[in-house]
Amino acid sequence: MSATVSFQVPAPNGPGEVTVSYARVGRGEPLVLLHGIGHHRQAWDPVVDILATEREVIAVDLPGFGASPGLPDGLAYDLPTTNAVLGALFEALDLDRPHVAGNSLGGLLALALGRDRLVRSVTALSPAGFWSRAEQRYAFTVLLGMRGIARRLPPPVVAGLSRTAAGRTALTSTIYARPARRSPAAVVAETHALATATGFEATLRAGATVRFTDDVPGLPVTVAWGTRDRILVRRQGIRAKRLIPHARLVRLPGCGHVPMNDDPALVARVILDGSR
C-alpha cells in the first residue's frame with residue numbers, strides 16, 4: 001500500500017516542505033530501501049515479499065523520482081541535502097535508526113547515512129561513488145543515453161516492446177543481466193519513471209564530483225556487486241572494500257547493475273544477512 005508523508009527540511013530561504021511517496025509492508029526491524037537514479041521504489045518489488053517475512057520494509061521514492069515530487073526551491077540534489085532529507089523522513093515515519101539497503105545512487109546514500117550514524121546497518125548494491133574519473137564519465141554517458149531513449153520513445157512503442165522478451169531486452173539490458181525476466185508492466189512503468197524523473201539532471205550534476213572516500217565505522221556494512229554490472233564495473237567493489245575494511249564484500253553471480261530482478265532470492269538473503 002503506497003502512502004505519502006510531508007515534512008519540513010531547513011533551506012537557505014527558510015524551511016521547505018518535502019513530500020515523499022513510499023510503501024510500507026511486513027513486520028520486524030525496519031528496513032528502508034533506496035533505489036538508483038532514474039528508477040523508482042518498484043525496482044525492489046522482486047525482493048519485497050521475501051524481505052517482509054523478517055523485516056518491516058519501507059520502500060522509498062527519492063525526491064524527484066517515481067511518485068515523489070521534486071525538492072522545493074533552495075534545496076540541492078546533493079549528498080548532504082539528500083542525507084538531511086532522509087534523516088527527516090526517518091523522523092516523520094518514526095523510524096529510529098533503521099536498517100537501510102540501497103542500489104547504485106541509493107547505495108551511495110545508504111553508505112552516507114551509515115557514515116553519519118543515522119542507520120543501524122548498511123547494504124549497498126553496486127553503490128555509486130567508487131569510480132575512477134573515466135568510469136564515472138562512462139557511467140554518466142550510459143545513464144544520459146538511457147534517459148534520452150526513454151524520453152523519445154512514444155508510450156505505445158514502449159508498451160509494444162515490453163510484450164516480448166526481445167523488446168524487454170532492448171529496453172532494459174543495460175541494467176538487468178536477465179531482462180527477459182522483468183514483467184511487461186514493470187518495464188513500461190520503469191521506462192516512464194526514467195523519462196519523467198524531475199530530479200534526474202540535477203542529481204547527475206551533483207554527482208559529477210562525488211567520490212566516497214570515508215570509512216563507515218561502528219555498524220555492519222555489506223557491499224555487493226553483480227558480476228555482469230554494465231554501468232558500474234565490479235572492480236569498484238574492491239575499492240569500496242579498501243576504504244571500508246570491515247565491510248563484507250559479496251559477489252552476485254550472473255547479476256547486473258540492478259540485481260534485485262536478476263536473482264531475488266540471493267539479493268534478499270544478502271540484505272537479510274547484512275541487517276542482523
State, with a plain yes or no, whether a side-chain heavy atom of [X] is found less than 4.5 Å away from one of [Y].
X	Y	result
Val100	Leu31	no
Leu204	Leu144	yes
Val60	Leu33	no
Tyr22	Val32	no
Thr19	Ser68	no
Leu243	Phe130	yes
Arg251	Arg234	yes
Ser132	Glu135	yes

Next on the checklist: With ring pair (Phe, Tyr, Trp, His ring centres under 6.0 Å) as the criterion, how do Phe212 and Trp131 come out once you've worked through the C-alpha distance, each side chain's angles and the decisive distance to 0.1 Å?
Outcome noted: CA-CA 9 Å; Phe212 197 86; Trp131 41 45; over 10 Å; no

Indicate whether any N or O donor in one side chain lies under 3.5 Å from an N or O acceptor in the other, for [X] and [Y].
X	Y	value
Thr174	His257	no
Ser275	Arg55	yes
Glu190	His40	no
Arg239	Gln236	no
Tyr176	Arg181	no
Arg248	Thr222	yes

Pair [X] + [Y], salt bridge at N-O below 4.0 Å:
X	Y	result
Asp214	Arg115	yes
Arg151	Glu201	yes
Asp61	Arg41	yes
Glu54	Arg276	yes

Looking at [X] and [Y], would you say the former's side chain and the latter's main chain have a donor-acceptor pair under 3.5 Å?
X	Y	result
Arg147	Ala197	yes
Asp116	Leu118	no
Asp263	Leu266	yes
Thr172	Thr169	no
Thr4	Ser21	no
His246	Leu219	yes
Arg228	Arg178	no
Glu91	Ala88	no
Asp262	Gly256	yes
Asn103	Gly36	no

Is there a path of hydrophobic side-chain contacts, each under 4.5 Å between heavy atoms of I/L/V/M/F/W/Y residues, joining [Y] to [X]?
X	Y	answer
Met260	Leu232	yes
Ile231	Phe200	yes
Val258	Ile149	no
Leu171	Val142	no
Val158	Ile175	no

So how far is it from [X] [atom1] to [Y] [atom2], rounded to the nearest 0.5 Å?
X	Y	atom1	atom2	value
Leu153	Leu161	CG	CG	7.0 Å
Leu109	Leu111	CG	CG	9.0 Å
Cys255	Asp229	SG	CG	10.0 Å
Leu51	Asp49	CG	CG	9.0 Å
Leu62	Thr82	CG	OG1	7.5 Å
Asp45	Asn261	CG	CG	10.0 Å

What closest approach, in Å, do [X] and [Y] show between heavy atoms, and which atom pair accounts for it?
X	Y	value
Ser126	Gly226	OG-N, 4.0 Å
Pro259	Val267	O-CG2, 3.5 Å
Leu95	Pro30	CD2-CB, 3.8 Å
Gly107	Pro127	C-CB, 3.7 Å
Val18	Pro63	CG1-CG, 4.3 Å
Arg182	Ala43	NH2-CA, 3.9 Å

Checklist entry - Could you go step by step and tell me if Leu79 and Leu108 meet the side-chain contact (heavy atoms from CB on, under 4.5 Å) rule? => result CA-CA 9 Å; Leu79 201 55; Leu108 170 64; 4.1 Å; yes

Item to check | All pairs passing ring-ring contact (aromatic ring centres under 6.0 Å, His included) where residues 75-117 contributes a residue, at least two apart | outcome: none

Next on the checklist: Is there a side-chain contact (heavy atoms from CB on, under 4.5 Å) between Val223 and Trp225? Walk through the geometry before answering.
Outcome noted: CA-CA 7 Å; Val223 176; Trp225 230 283; 3.8 Å; yes

Next on the checklist: Could you walk me through whether Val270 and Thr123 satisfy the side-chain contact (heavy atoms from CB on, under 4.5 Å) test, starting with their C-alpha distance in whole Å, then the side-chain angles of each, then the deciding distance to 0.1 Å, before giving a yes or no?
Outcome noted: CA-CA 8 Å; Val270 168; Thr123 303; 4.2 Å; yes

Item to check | side-chain contact (heavy atoms from CB on, under 4.5 Å) between Thr227 and Leu252, intermediate numbers included | outcome: CA-CA 6 Å; Thr227 61; Leu252 303 175; 5.9 Å; no

